[in-house]
Amino acid sequence: MSREEVYYALMQGVGQLDFNGPAIPSDLALIGDNTIPLAMNPRGQVLMAASTYGKGRLVALGHESMLTTFPVMVENALKWLNPTAESTVGIHESCKATLANISSSGTRAEVTAFRKELGAYIITAYDVGPHVKELVAFLKAGGGLLVAGQAWNWAKEHPKDNALLGFPGNKVCSVAGIYFTELMGERGVCNVPPRIPASWLGVAIDKDFEDDMEFLLQGVSEFDIQGGAVPSVILVHGPLAFPIAADGAGKVFFAGSYYGQGRVIVTTHESYLGRKELAPFLLNAIRWLDEGRGGEVGVLPKLSGAHTLLSESGLTCTKTGFRDDLSVYVCTAYSDAQAAEIQDFVAEGGGLLMGGHSWNWAHKNKGLNVMTHFPGNRILTKLGFSIMPSYAGRGKHKAREPGQGCAEEYRFRRALRQFASHVTSGQELRPHEQSSLRRLGTDCADYLRMQAHDQGSYTAILELLANVFTTADMPQVCSECPVKHPKDHMLLNLGTEVYKAFPYRDQLLPYLIKNRPDLPVVHNTCVKINTKAAGGDEWKSTGLYLSPGMKTYLSIPPQIVNKGWKVQIGCQTDNIGKADVLRRAAVVYERFDIKSEMIEVFNLWGGLIYLVAPAKSDEGELQIIVQKAIPAPYYKSGETSVEAWVGGIRDAPAPWAEMEFENIIITLPSSEVRAVDRPDEVAKMWDSIMGAVSDLAGTPAQFPRKERYVGDVQISHGWMHAGYPVMMHSSSAAGLLKHKDARENGIWGAIHELGHNQQRGCWEFPPNTTECTCNLWSVYVHEKVFGLERESMHSALLSGNRSKRRETFQKEKDLSKWTVWTALETYLQLQEKFGWDAFKKVFAVYHTMTGVPKDRDAKMSLYAETFSRTVNMNLAPFFKAWAWPILPDTEKKLEDLPAWSDHPMT
C-alpha cells in the first residue's frame with residue numbers, strides 16, 4: 001500500500017478527533033521514511049502516527065486513553081496491523097479496557113502476555129521495557145504493534161535523561177521512526193483531512209542537541225582539516241540531525257544524528273577518520289556512538305589510518321566488513337552494498353561513523369542525481385544527511401564552545417520553519433535568518449531533487465513548501481518588475497523546484513504563474529531531426545514552443561532511446577542565481593532524459609523545444625512527433641523561402657524565435673524578427689562571417705556544431721559571454737539581424753564572443769590573453785567581411801590609442817600589464833608585418849601539435865618558435881621587447897634564422 005492508501009485505511013469513517021478531554025497527549029516526532037502523521041493539531045503537533053519496519057506495521061497513539069476514546073480509529077488500525085482475520089490480537093493487561101470495543105467488531109482478541117505467534121499486539125508505551133528485543137523482532141518479522149502513551153510525565157520524573165532514547169516506548173517505536181517526545185500536545189478538535197496532514201509548524205523538532213555537542217566537543221578547540229584532502233558539504237536535513245563542524249562560510253563537514261535507537265556521525269572525507277589532529281574529536285565520536293556499551297568497533301579494512309588511531313587509543317577495534325554484532329561500524333561512503341542492513345543496524349541501536357566526499361563521483365557521473373545515486377547517500381539520506389558535490393573549505397576551523405548555544409546557528413529544518421512562518425503569518429525574520437535565505441533556498445532545491453515521494457519526511461517538507469506558495473503567491477518577475485528582496489528572491493527560485501517535485505502540479509500552477517497566455521496550438525506535429533552531432537552535445541531545434549506550465553508528449557524513434565539523448569525546454573540556459581536583482585528566475589530551462597519512446601515534458605517557465613544530441617551521434621534523419629505545442633517563428637537557410645517567411649512564418653504566435661543559417665543559429669524574442677523582410681540577406685551576411693571565422697582558425701568551412709547566440713533579459717555575467725550558446729542581452733541580439741547596419745558599423749562584441757569560442761589552450765596564455773586573442777577574429781571579420789578600416793572598428797584601435805599603449809609599455813616592460821588591448825597590439829604588429837596567412841599557418845600547426853607544455857614560459861617560447869619558423873624569421877628579439885619570457889634554449893634554436901631587427905618595438 002502507498003502512504004496515502006495507508007492513511008485512507010486508518011482514517012476511514014473518522015471525520016473529527018476530539019482531544020478536549022483531561023488526557024494530555026505527547027507530541028510525536030516523526031523521522032522515518034515510512035512514517036505517516038494521522039492526527040495533527042493546528043500547531044503542527046502529531047498526536048497519532050503510523051509506520052512500518054521490516055515486514056511489520058506500527059501505530060502509535062500519543063496517550064493511552066485514545067485506545068478507548070477513538071474506537072473507530074482503533075478498529076481501523078487493527079485491521080491494518082492484523083490483515084489476516086485468523087490471527088489473534090493480543091492485549092496487554094494494562095490495555096484490557098480496549099477488549100470490549102475490539103470484541104464487538106468481530107476481531108479475535110484476548111488479554112495476554114506477549115507471544116510471537118500473535119498477529120498484532122496492543123501495549124502501552126510504559127510497559128514495553130521488558131520486551132524490547134522481542135517486540136522489535138516481532139515487528140521486523142511482520143507483526144503489528146499498537147503502542148499508546150505519553151512521555152512528558154516520564155521526562156519530568158527523569159530530568160537528566162534523554163527522552164528520545166530513555167523513554168520505554170521509544171525503544172520500540174523509534175526503529176520505525178516514531179518518537180514520543182517530552183512536549184505536551186495541544187488539545188482541541190482536529191479535523192481529518194482527505195490527504196495526509198502536513199504543517200510547516202511540524203517540520204522541525206525542538207531539540208537543541210546541546211548535551212550531545214558538549215559530549216562531542218569535550219577537549220576539542222578546533223577542527224584541523226588542512227592539506228590536500230578536499231571535503232564535500234553535508235546537507236543536514238533530518239529532523240534529528242545536527243551540524244557538528246563547519247568552515248567559515250557555514251559549510252558543514254562533520255554532522256551527527258539520532259536514528260531509531262542508534263546514532264550516526266558523518267564526515268566528508270575518509271582521510272579525516274584517521275587524522276591525528278582530529279583524534280580528540282574522533283574518540284569522543286566513537287564513545288558517543290557506542291553509548292557506553294564498550295563494544296567492538298569494526299573498521300573497514302582499507303581505513304588503516306582510522307584502525308591505527310582508534311586501536312592506539314585503547315578501543316577494541318577489528319578490521320572487518322560490516323557485521324550486525326558490532327557496536328560501532330566505521331566505513332567510507334563509496335559503497336551501498338549493504339545499505340538496508342546498515343540502516344537496520346543503526347535503527348536497532350548500532351553506531352555508524354562514515355566518511356567520504358561526492359564531488360569526484362559527481363564529476364565522473366555527470367547527469368546522475370547525487371542525492372539519489374551516490375552510494376553513500378543511498379545509506380545516509382534516510383538517516384538525515386546527504387553528501388553534496390560542492391566543496392567545504394580546508395584549513396583550521398574553530399570548534400563551537402560548549403554552552404555557546406545554537407540559537408543563531410543555521411539549521412535547515414529550523415530555518416525552513418522560520419521562513420514559512422514569515423511568509424504565512426508575517427513573523428519577522430531576524431538578521432541572521434534574513435541573511436541565510438539564499439542558503440536555505442539552495443538547500444531546499446537540493447533536498448527536493450531527491451524526489452523521495454515514498455518518504456514521510458520528504459513529503460512533509462514538500463507539502464509545507466506547496467502551502468507556502470498557495471499562501472503567498474510567487475513574485476511575477478519581468479524586466480519591468482525585477483525581484484530585489486531576499487524573500488522574493490527565494491520564492492522565485494524555489495518555485496521551480498517545488499513545481500517539479502509536487503505531484504499535483506496543475507493545482508499549484510495558478511499560484512506560481514499569473515495571466516498565462518492562451519496561444520493557438522498545433523497537434524501531432526512531425527519534426528525531422530538530423531541526428532548527426534560531431535562537435536559536442538548539440539541542440540536540435542524543433543521550431544515549437546511550450547507555454548509556462550504546459551505539458552506535452554513526444555513520440556521518440558527507438559534508435560535514440562537510452563542513448564544519452566535529452567529533451568530540453570527553454571533556450572535561456574544561464575543560471576543567474578548569484579545576482580542580487582533578478583529580471584527572471586535563476587534557472588528557466590528543463591531537461592528530460594529520453595528513456596522511452598513516449599516521453600512527457602514540461603517546464604514551469606515554458607520555452608522552445610529542443611532535442612539534445614550527445615557528441616558523436618549519427619543515426620541519420622529521424623522523425624519525432626510532438627503531441628501539442630505552439631508554433632514559433634523559425635527560419636532555416638535552404639528550407640524556408642522568403643515568401644513563406646514574410647507570408648506568415650515570422651508571425652507564428654510563440655514569443656521566442658530562431659533563425660538558423662549554415663553555421664550559426666540566433667535565438668531571440670519573436671518581436672525582434674517580425675520586421676525582418678529579407679532573411680536571405682541576413683543569412684548571406686552570417687554565412688560570410690562564419691566562413692571568415694573558420695578561415696582564420698584554419699578549420700573546415702562546415703562547423704562540426706553550429707554556433708548559437710541566445711538573447712536574454714538577464715545573463716550571468718558581462719554584456720555578452722562565450723559558450724554554447726553565446727549569451728547576450730536581448731537588446732543586443734536584435735542587432736545581429738540588421739545586416740545593413742552591421743556592414744556599416746560592425747558588430748564587434750558578438751564576433752569577440754565567437755573569437756572566445758575559437759581560443760585554444762595550446763596557444764593561449766591566461767590571464768594575459770583571455771580577452772585579447774579573441775579580438776583577432778573581430779578584426780579579421782570586420783576587415784574581410786565588412787571592409788572596415790581598423791580605426792573605425794573600435795575606439796581602442798585608433799592610431800593615437802595604439803601608440804600611447806605601445807609607448808607606455810616600452811617604458812614599463814611589465815608582463816603583468818601585457819593584457820587585453822596592450823597584448824592585442826603585439827599580435828597586430830605581427831599581422832601588419834606578416835599578414836593574416838601567417839596566423840592561419842600557425843593555427844594549422846597547432847591543430848596537429850602534441851606535447852604542448854603546460855608551463856606558461858615554455859608555452860610562450862613555443863609560440864615564438866612556431867611563429868618564427870612559420871615566417872622564416874627570428875622573432876625572439878621582438879617577443880622579448882614585449883617582455884615575453886623567452887627561454888635561452890629557444891633563442892639558441894632560432895639563431896639560424898635572420899632576425900627581425902627593425903620591428904616596431906625597437
Side-chain angles (χ1 to χ4, degrees), residues 1-30 34-51 58-81 101 105 146 148-150 152 178 180-181 183-206 239 416-417 420-421 423-427 453 456-472 502-504 507-508 511:
M1 300 173 73
S2 69
R3 295 177 70 254
E4 289 289 347
E5 289 172 330
V6 171
Y7 176 73
Y8 298 150
L10 289 170
M11 306 312 289
Q12 186 177 9
V14 182
Q16 284 185 333
L17 294 167
D18 189 345
F19 295 101
N20 277 318
I24 302 175
S26 265
D27 179 16
L28 303 179
L30 310 184
N34 303 320
T35 55
I36 305 170
L38 302 176
M40 184 179 287
N41 66 22
R43 282 186 55 195
Q45 294 177 309
V46 178
L47 308 181
M48 296 179 178
S51 188
L58 175 110
V59 171
L61 308 180
H63 198 282
E64 62 273 21
S65 67
M66 297 180 190
L67 291 170
T68 53
T69 51
F70 302 118
V72 176
M73 191 273 156
V74 171
E75 182 181 341
N76 290 343
L78 291 175
K79 288 179 182 177
W80 181 67
L81 294 169
N101 289 335
S105 69
L146 176 54
Q150 49 81 14
W152 53 263
I178 300 176
F180 297 86
T181 76
L183 298 176
M184 293 182 179
E186 185 177 276
R187 289 173 290 182
V189 177
C190 292
N191 292 319
V192 177
R195 283 165 42 193
I196 296 174
S199 169
W200 58 266
L201 290 164
V203 165
I205 295 172
D206 294 321
L416 181 55
R417 183 169 65 178
S421 177
V423 171
T424 59
S425 58
Q427 179 179 310
H453 295 285
S457 57
Y458 178 88
T459 54
I461 285 182
L462 181 54
E463 288 281 354
L464 174 150
L465 289 169
N467 184 57
V468 164
F469 283 100
T470 56
T471 304
F502 198 60
Y504 310 102
Q507 297 177 17
L508 194 58
Y511 298 96

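As the structure is a prediction and not an experimental result, all values here were calculated from the model. Because only heavy atoms are used, hydrogens play no part in the values below, and waters and symmetry mates are left out as well, while side chains stay in. FYI, the numbering just counts along the sequence from 1.
- A heavy-atom distance below 4.5 Å is not found between the side chains of Phe19 and Glu186.
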Could you please spell out the steps behind the side chain to side chain contact (heavy atoms under 4.5 Å, CB included) verdict for Glu4 and Ile196? CA-CA 7 Å; Glu4 289 289 347; Ile196 296 174; 3.7 Å; yes
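- His63 has its side chain out of reach of Thr69: every pair of non-hydrogen atoms, C-beta onward, lies at least 4.5 Å apart.
- Using a distance-only test at 3.5 Å, with no hydrogens or angles considered, no donor-acceptor pair links the side chain of Arg187 to the main chain of Ile24.
- Between the side chain of Ser425 and the backbone N or O of Ser421 there is at least one donor-acceptor pair closer than 3.5 Å.
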Do any side-chain atoms of residues 8-17 form donor-acceptor pairs under 3.5 angstrom with protein atoms, and if so which ones, sequence neighbours left out?
unit_1: Gln16; atom_1: NE2; unit_2: Asn191; atom_2: OD1; d: 3.1

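- No side-chain heavy atom of Val468 sits under 4.5 Å from any side-chain heavy atom of Tyr511.
- Looking at residues two or more places apart in sequence or on another chain, you find a salt bridge (charged side-chain N to carboxylate O under 4.0 Å, His left out) between Arg195 and Glu463.
- Among residues two or more places apart in sequence or in another chain, the ring-ring contact (aromatic ring centres under 6.0 Å, His included) test is passed with Phe502 by Tyr504.
- Under the rule for a side-chain contact (heavy atoms from CB on, under 4.5 Å), the partners of Pro71 that lie at least two apart in sequence or sit in another chain are Asn101.
- For the residue pair Leu508 and Ala466, the shortest heavy atom distance occurs at CD1-O, 4.0 Å.
- Of all heavy-atom pairs between Glu64 and Ala148, the closest is CA-CB, 3.6 Å.
- Checked against side chain to side chain donor-acceptor pair (under 3.5 Å), Thr459 has the following partners two or more places apart in sequence or in another chain: Arg3.
- Looking at heavy atoms from C-beta onward, Met48 lies out of side-chain contact with Val59 at the 4.5 angstrom threshold.
- Residue pairs meeting the salt bridge (Lys or Arg N to Asp or Glu O under 4.0 Å) criterion with at least one partner in residues 67-80, sequence neighbours excluded, are Glu75-Lys79.
- For the pair Thr35 (side chain) and Ser51 (backbone), a donor-acceptor distance under 3.5 Å is absent.
- Within the 4.5 Å cutoff, the side chain of Asp27 has no heavy atoms near those of the Asn41 side chain.
- Annotation: side chain of Leu67 is in contact with side chain of Leu146 (closest heavy-atom distance under 4.5 Å).
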